[in-house]
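Right, one structure below, let's go through it.
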Amino acid sequence: MRLSINKRNRRTREVDNIVKVARAASSSAKQNAFSHGISVARQQGENIVMLHPDGSTDVIKRIENSPVTLNKKRYYI
């Protein structure tokens, strides 16, 4: 069943809004943690790294089977 153009556009806008809110929340949480002297873990490329408030980073682990997304399909290498 195909969605009408209006419904697809509405869903696209909803997803875009969710993405914006999630990015803003993530950025705010990171800044809040840094302001309290707490380090933050995140993914950078194929590594999980710990970002410290002083700007330094430590590699925690390399991700072995990182997902690759092509044309909205996810493949594991």
Side-chain angles (χ1 to χ4, degrees):
M1 178 173 105
R2 295 187 64 94
L3 294 174
S4 69
I5 292 174
N6 288 337
K7 285 185 181 179
R8 276 188 271 157
N9 288 339
R10 187 177 67 213
R11 284 192 180 179
T12 301
R13 286 192 308 271
E14 289 173 355
V15 169
D16 289 344
N17 287 336
I18 292 170
V19 169
K20 287 178 188 176
V21 169
R23 283 185 180 154
S26 176
S27 178
S28 176
K30 179 179 155 188
Q31 292 305 320
N32 189 22
F34 282 171
S35 69
H36 288 89
I38 300 170
S39 299
V40 177
R42 67 170 288 191
Q43 181 179 348
Q44 275 186 341
E46 295 182 352
N47 296 321
I48 297 177
V49 298
M50 184 67 75
L51 302 174
H52 302 288
D54 64 0
S56 62
T57 60
D58 295 326
V59 176
I60 297 173
K61 185 175 182 178
R62 179 170 165 42
I63 301 170
E64 301 268 334
N65 293 326
S66 61
V68 177
T69 304
L70 300 172
N71 299 328
K72 299 195 182 209
K73 293 183 181 177
R74 185 168 286 180
Y75 301 95
Y76 288 89
I77 299 174

Using every non-hydrogen atom in the two residues, find where [X] and [Y] come nearest and quote the distance to one decimal.
X: Leu51; Y: Phe34; answer: O-CE2, 3.6 Å
X: Ala33; Y: Val40; answer: CB-CG2, 3.8 Å
X: Met50; Y: Ser39; answer: SD-CB, 3.6 Å

So, the side chain of [X] versus the backbone of [Y]: is there a donor-acceptor pair under 3.5 Å, distance only?
X: Thr12; Y: Arg8; result: yes
X: Ser27; Y: Ala24; result: no
X: Asn47; Y: Val49; result: no

Taking atom [atom1] of [X] and atom [atom2] of [Y], what is their separation to the nearest 0.5 Å?
X: Gln43; Y: Ile60; atom1: CD; atom2: CD1; result: 11.5 Å
X: Arg11; Y: Ile18; atom1: CZ; atom2: CD1; result: 11.5 Å
X: Asp58; Y: His52; atom1: CG; atom2: NE2; result: 3.5 Å

Next item on the list: Would you check if Asn9 and Arg13 make a side-chain contact, meaning some heavy-atom pair closer than 4.5 Å?
Entry: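 The answer is yes; the side chains approach within 4.5 Å.
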